[in-house]
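Predicted, not measured: the structure shown is a model, and the values here were computed from it. Numbered from 1 within each chain, the chains take letters A, B, ... in sequence-line order.
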Protein chains: 2
Amino acid sequence: MNKEEKLQKLVDISREKGLKLTPQRMAIFRILSESDKHLTADEVYQKARKDYPMLSAATVYRNMEQMVSSGLLSNLGRSGAAMKYDTNLEEHHHFICSHCGKVYDVYLSKVTYELDMEKSRLGDAKIDVSELYLYGVCEDCLNNYG
Amino acid sequence: MNKEEKLQKLVDISREKGLKLTPQRMAIFRILSESDKHLTADEVYQKARKDYPMLSAATVYRNMEQMVSSGLLSNLGRSGAAMKYDTNLEEHHHFICSHCGKVYDVYLSKVTYELDMEKSRLGDAKIDVSELYLYGVCEDCLNNYG
DNA sequence: TATCTTATTGCAATTCAATATCAAGTAAAA
DNA sequence: TTTTACTTGATATTGAATTGCAATAAGATA
Ligand SMILES: [Zn+2]
Ligand SMILES: [Zn+2]
Ligand SMILES: [Zn+2]
Ligand SMILES: [Zn+2]
């Protein structure tokens, strides 16, 4: 899905939900769809401010959360760090470098596991989704710090 | 590992690392080792305050983080929620109820997956650990809210 | 185009978890 | 008992995110 298609989706969903397409909202989404990284609300805010000096941080936070609810963004949160957002809606998982903290998208297939029902006291819980996080040291850090 | 063994480990590791066994530290650890739930620093603080009215919250935060570094506690953080701690050091994963937010320990074996090296731009990254989170609706919520 | 409705914005104040600072206190070794 | 390094409590501060509200403006309607 390229930038134009993503932007069209923003337009469609906004119409569908009776949301208004403000310049602020479009700037925020454009920044995210033009980046291939996972950005925090503050990073988006800092970038958007260059074009919109009077933009409020609250607007950025509000919009990005709303875009997640609308299915326009996926998000990835870890405690201690700010929530990260991106427009990559493909099913994917994440690799997190323990050294530099950078997050990499990884594409995993055939994720399987066996659940020990005896030890796990889940009863009849309904399991919907599983998220797998890989931790390690990224290539950059391996090269630079051994 | 029962309570006594856990407490002995606290004593051993403290000696080993030149840490002092203060009453506050022992109270904090005792509360955690007597609970079978994942507690937040504030929950531990509230419980400990009943016996130690002049205990400071900072002491609880400090100690619990220190216990993680010392290998006495495991912790589980999700953005937006306070860090949760417990004395369960067995290798385990977590099930999180999307409805009530409660966290359940689950024991998984044979966790496997296939990594798409083409799409995942990890290069020669060294992968150490994988953490699997299961999401769904817990038994309690299923019973109470359909 | 002018008007209306209501989503949205900007701002400031606020929440909440967590951390930093530092003087005073104390566990444990010598 | 003395010494010393680790800890504590109180308070201030940080950082991320949220909230309340009056003012604004997008998009529908006439
Ligand atoms: Zn790295
Ligand atoms: Zn991602
Ligand atoms: Zn539940
Ligand atoms: Zn656990």
Side-chain angles (χ1 to χ4, degrees), chain A residues 7 10-29 31 38-70 72-73 75-85 101 103, chain B residues 7 10-29 31 38-70 72-73 75-85 101 103:
Chain A
L7 219 79
L10 171 66
V11 174
D12 292 346
I13 287 192
S14 298
R15 181 148 314 150
E16 204 174 286
K17 303 209 169 190
L19 306 175
K20 293 172 181 172
L21 264 180
T22 64
Q24 292 91 331
R25 177 133 47 217
M26 295 190 52
I28 291 165
F29 189 79
I31 287 169
H38 298 76
L39 301 176
T40 66
D42 189 64
E43 284 165 345
V44 172
Y45 174 53
Q46 298 306 336
K47 284 178 198 284
R49 240 141 78 93
K50 287 173 185 158
D51 291 328
Y52 270 87
M54 27 128 49
L55 177 68
S56 166
T59 299
V60 179
Y61 280 97
R62 263 188 305 235
N63 272 288
M64 285 170 62
E65 263 315 303
Q66 194 190 50
M67 290 176 195
V68 172
S69 321
S70 308
L72 286 162
L73 298 181
N75 63 349
L76 155 68
R78 289 184 305 138
S79 88
M83 182 73 76
K84 287 165 178 282
Y85 299 82
V103 176
Chain B
L7 219 78
L10 170 66
V11 175
D12 292 346
I13 287 192
S14 299
R15 181 149 313 153
E16 201 173 290
K17 304 213 167 189
L19 306 175
K20 294 175 180 170
L21 265 179
T22 64
Q24 293 92 329
R25 185 163 294 163
M26 296 191 51
I28 290 165
F29 189 80
I31 287 168
H38 298 76
L39 301 177
T40 66
D42 188 65
E43 285 166 344
V44 172
Y45 174 52
Q46 298 306 336
K47 284 177 198 286
R49 241 142 77 92
K50 289 173 185 156
D51 291 328
Y52 271 87
M54 27 132 45
L55 177 67
S56 166
T59 299
V60 179
Y61 280 97
R62 259 188 311 236
N63 272 289
M64 286 170 62
E65 261 318 301
Q66 195 189 50
M67 289 177 194
V68 172
S69 321
S70 309
L72 286 162
L73 298 181
N75 64 349
L76 156 67
R78 290 182 304 138
S79 91
M83 183 72 77
K84 287 166 178 281
Y85 299 81
V103 176

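With a 4.5 Å cut-off on side-chain heavy atoms, B/M64 and B/M83 do not count as touching. When side chains are defined from C-beta on, A/Y45 counts as touching A/R49, because their heavy atoms get closer than 4.5 Å.
Between B/L21 and B/A41, the residue whose closest nucleotide on DNA chain C is further toward the 5' end is B/A41.
Residue B/S79 has no polar side-chain atom (N or O) positioned under 4.0 Å from OP1 or OP2 of D/dA16. For C/dG10, the OP1/OP2 oxygens have a side-chain nitrogen or oxygen of A/Q24 closer than 4.0 Å.
Listed nucleotides C/dA12, C/dA7, D/dA10 differ in distance to A/L19; the shortest reach to its side chain belongs to C/dA7.
One can place CG of B/N75 at 14 Å from C1' of C/dA17, the figure rounded to the nearest angstrom. The interatomic distance linking B/L10 (CG) with C/dA27 (C1') rounds to 14 Å, in whole Å. The distance from atom CE of A/M83 to atom P of D/dG15 is 19 Å, rounded to the nearest whole Å. B/L76 has its CG atom 15 Å from the C1' atom of C/dA17, to the nearest Å. In this structure, OH of A/Y45 is placed 15 Å from P of D/dG15, rounded to the nearest angstrom.
Within the 4.0 angstrom heavy-atom criterion, base atoms lie near B/A58. At the heavy-atom level, B/G80 lies nowhere under 4.0 Å from the strands shown.
Below the 3.5 angstrom threshold, one finds no donor paired with an acceptor across the side chain of A/K20 and the base of D/dA25.
Contact check of residues 59-68 of chain B against DNA chain D (heavy atom, cut-off under 4.0 Å) returns B/T59, B/R62, B/N63, B/Q66.
A donor atom on one side chain and an acceptor atom on the other are found under 3.5 Å apart for A/Y85 and A/E65.
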Check the pair B/T59 / B/R62 against side chain to side chain donor-acceptor pair (under 3.5 Å), numbers first and verdict last.
-> CA-CA 5 Å; B/T59 299; B/R62 259 188 311 236; 3.2 Å; yes

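Annotation: the span from A/L39 atom CG to A/I28 atom CD1 amounts to 12.0 Å, rounded to 0.5 Å.
Counting non-hydrogen atoms of neighbouring residues, nucleotides and ligands closer than 6.0 angstrom, the NZ atom of A/K84 exceeds 12 such neighbours.
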